[in-house]
**Student:** 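Below is one structure. I have some questions about it.
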Number of protein chains: 2
Amino acid sequence: MQERRVQILDAAAALIAERGFTSTSVDDVIRGAKLSGKSHFYHYFKSKEELGYEVLNRQFERFAERGLAILREPMIDPLERLSLFIDGVVALQAESGGRRGSPFGNLAAELADAHEGFRVRIEAVFERWASQIGSLLWEARPMLQDDVDAVRLSRFIIATLEGAVLMTRVKRDLTVLEGIAADLKRFIAMHVRDAEQTERRPW
Amino acid sequence: MQERRVQILDAAAALIAERGFTSTSVDDVIRGAKLSGKSHFYHYFKSKEELGYEVLNRQFERFAERGLAILREPMIDPLERLSLFIDGVVALQAESGGRRGSPFGNLAAELADAHEGFRVRIEAVFERWASQIGSLLWEARPMLQDDVDAVRLSRFIIATLEGAVLMTRVKRDLTVLEGIAADLKRFIAMHVRDAEQTERRPW
DNA sequence: GCAATGTAGGACCGTACGGTCCAACGCGCA
DNA sequence: TGCGCGTTGGACCGTACGGTCCTACATTGC
């Protein structure tokens with residue numbers, strides 16, 4: 001019953017990550033999920049659009065579990081967690097050999113202008129992501145300079161990571177992402193107190 | 001003669017920037033360029049794909065003239081030029097009200113995985129862009145710290161800008177881009193000699 | 001005057017898309 | 001045995017796509 005839904009969602013997620021939403025046809029999903037026919041698919045989802053929304057939600061939940069979770073580890077120093085999180089993004093990208101980009105960034109670029117329904121949902125995803133980093137930064141504020149704007153820094157981190165993943169995908173070269181991730185850490189380090197000392201230390 | 005080609009290319013560029021390459025049909029382009037019929041279009045371009053390649057090239061040439069040109073102004077201090085360039089990217093994005101993203105980033109996200117022909121051309125675009133910034137950085141090396149890696153810093157700048165434009169498009173909020181652009185300048189300032197003094201100065 | 005070239009208009013083709021409809025099947029339940 | 005119902009297979013629909021082909025007309029240069 002629900003099993004089949006999950007099967008469809010997984011197949012769709014893989015296809016959408018690979019070729020985008022528009023270029024993934026319902027028939028492709030049906031083949032990928034080994035369904036019998038179209039009515040079988042439409043028995044579980046009322047439209048392709050709705051499938052896309054659910055896939056996006058599931059992708060974020062997976063990302064929240066696998067990537068974002070480290071941000072909340074209570075036993076690790078907050079800034080250390082942030083560094084580990086960035087490493088995690090690099091590792092996640094390495095899994096696909098630098099080919100697949102961020103599922104959110106991909107959908108954003110593809111559909112932000114064309115499809116308002118997706119746009120608001122993707123916006124919500126980035127919002128939740130940013131608020132996770134934001135609250136970590138808030139937690140780390142004793143270690144940060146007084147004038148650090150947590151919201152703004154969160155956005156910078158996300159934008160840079162998304163951009164880096166995109167560049168990596170275009171160049172098919174993971175070292176691009178690794179370099180940018182390292183620089184991003186240095187930028188974050190720039191915001192901790194006593195920047196003169198910590199700036200160049202590999203925290 | 002060539003006039004019509006230009007007409008078609010302009011119409012196609014506008015449509016592709018707005019809805020992406022895949023979602024722009026040849027018929028849309030024909031309507032946009034006010035052509036009589038399909039054969040008229042195929043008289044000038046042998047395929048939609050080839051049209052896409054030419055549009056991409058033209059977009060980069062326009063960007064080289066309007067955006068990248070400032071990087072080569074000989075009468076301005078190199079780092080000042082870089083700052084002006086970043087302002088230019090923000091201004092360019094402001095023209096479309098933060099809606100349209102980077103034409104390269106959009107195509108990259110849409111086609112990098114699916115279409116190798118586009119991927120290599122987009123890669124070349126970013127390569128040329130990066131080399132422009134790289135040579136500016138090389139020119140500015142007396143003012144920079146010794147260990148600055150020009151190639152790497154160029155990539156960071158481009159990735160961050162592309163990511164910022166994408167986020168801006170998703171959020172429909174130009175202030176996102178403005179904030180990230182300002183932070184990016186601070187990151188660059190971090191690489192100039194005597195960073196303690198210049199770091200927080202709005203150069 | 002004639003040929004070549006660009007402009008125009010439209011019929012047409014095969015394919016693929018998202019989505020609908022319906023007939024047949026399997027299975028628990030009485 | 002017969003009934004109800006969720007599941008399955010697939011034919012089908014209207015539309016749109018990229019692309020081809022053919023005809024006709026206007027312009028230009030020889």
Side-chain angles (χ1 to χ4, degrees), chain A residues 1-58 106-107 110-111 113-119 121, chain B residues 1-58 106-107 110-111 113-119 121:
Chain A
M1 37 169 83
Q2 288 301 83
E3 237 178 81
R4 279 295 165 87
R5 271 185 78 88
V6 172
Q7 216 173 3
I8 296 172
L9 285 166
D10 286 342
L15 288 165
I16 291 172
E18 204 181 306
R19 4 213 266 219
F21 180 73
T22 308
S23 298
T24 297
S25 73
V26 174
D27 286 319
D28 290 336
V29 174
I30 286 167
R31 268 190 295 274
K34 294 185 167 53
L35 298 186
S36 55
K38 281 214 178 152
S39 58
H40 201 175
F41 171 84
Y42 281 98
H43 178 69
Y44 292 102
F45 298 91
K46 62 181 270 244
S47 69
K48 186 193 177 190
E49 198 178 60
E50 208 209 293
L51 168 73
Y53 294 160
E54 285 199 41
V55 166
L56 176 60
N57 273 337
R58 262 175 66 90
N106 289 355
L107 285 180
E110 185 186 350
L111 301 168
D113 288 331
H115 199 300
E116 183 67 9
F118 270 105
R119 206 214 98 230
R121 282 166 176 82
Chain B
M1 36 168 83
Q2 289 301 83
E3 238 178 80
R4 278 299 165 87
R5 271 185 77 88
V6 172
Q7 218 173 2
I8 296 172
L9 285 165
D10 285 341
L15 288 165
I16 292 172
E18 202 181 308
R19 4 212 266 217
F21 179 75
T22 308
S23 298
T24 298
S25 73
V26 175
D27 287 318
D28 290 336
V29 174
I30 287 166
R31 269 189 295 275
K34 293 184 167 52
L35 298 186
S36 55
K38 280 211 178 154
S39 58
H40 202 175
F41 172 84
Y42 282 99
H43 179 69
Y44 292 101
F45 297 91
K46 62 181 271 247
S47 69
K48 185 193 175 189
E49 198 178 59
E50 209 208 290
L51 169 73
Y53 293 160
E54 285 199 40
V55 166
L56 177 61
N57 273 337
R58 263 173 68 88
N106 288 356
L107 285 181
E110 185 186 350
L111 300 168
D113 288 330
H115 199 301
E116 183 67 9
F118 270 103
R119 206 214 96 229
R121 283 166 176 83

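All of these numbers come straight from a predicted model, not from anything done at the bench. Below, read A as the first sequence line, B as the second, and so on, with proteins coming before strands; counting in each chain starts at 1.
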**Student:** Please give, in whole Å, the distance from D:dC5 P to A:His43 NE2?
**Tutor:** 14 Å

**Student:** Is any side-chain heavy atom of B:Thr24 closer than 4.5 Å to one of B:Glu18?
**Tutor:** no

**Student:** Once you round it to whole Å, what is the distance between P of D:dA11 and CD1 of A:Ile30?
**Tutor:** 14 Å

**Student:** Can you find a pair of side-chain heavy atoms, one from B:Asn106 and one from B:Ile16, that are under 4.5 Å apart?
**Tutor:** no

**Student:** Extract all donor-acceptor atom pairs below 3.5 Å that involve side chains of residues 30-43 of chain B and protein atoms in other chains or at least two apart in sequence.
**Tutor:**
residue	atom	partner	partner atom	Å
B:Arg31	NH2	B:Asp28	OD1	2.8
B:Ser36	OG	B:His40	ND1	3.3

**Student:** Assign a letter to each nucleotide of nucleotides 13-27 of chain D from its 5' end: B, base within under 4.0 Å of a protein heavy atom; S, sugar-phosphate only; -, no contact.
**Tutor:** ----SBBBBB-----

**Student:** Quick one: side chain to side chain donor-acceptor pair (under 3.5 Å) partners of B:Ser23, sequence neighbours excluded?
**Tutor:** none

**Student:** Name every donor-acceptor pair, under 3.5 Å, that has one atom in a side chain of residues 49-56 of chain A and the other anywhere in the protein, sequence neighbours excluded.
**Tutor:**
residue	atom	partner	partner atom	Å
A:Glu49	OE2	A:His115	NE2	2.6
A:Glu54	OE1	A:Arg5	NH2	2.6
A:Glu54	OE2	A:Arg5	NH2	2.4

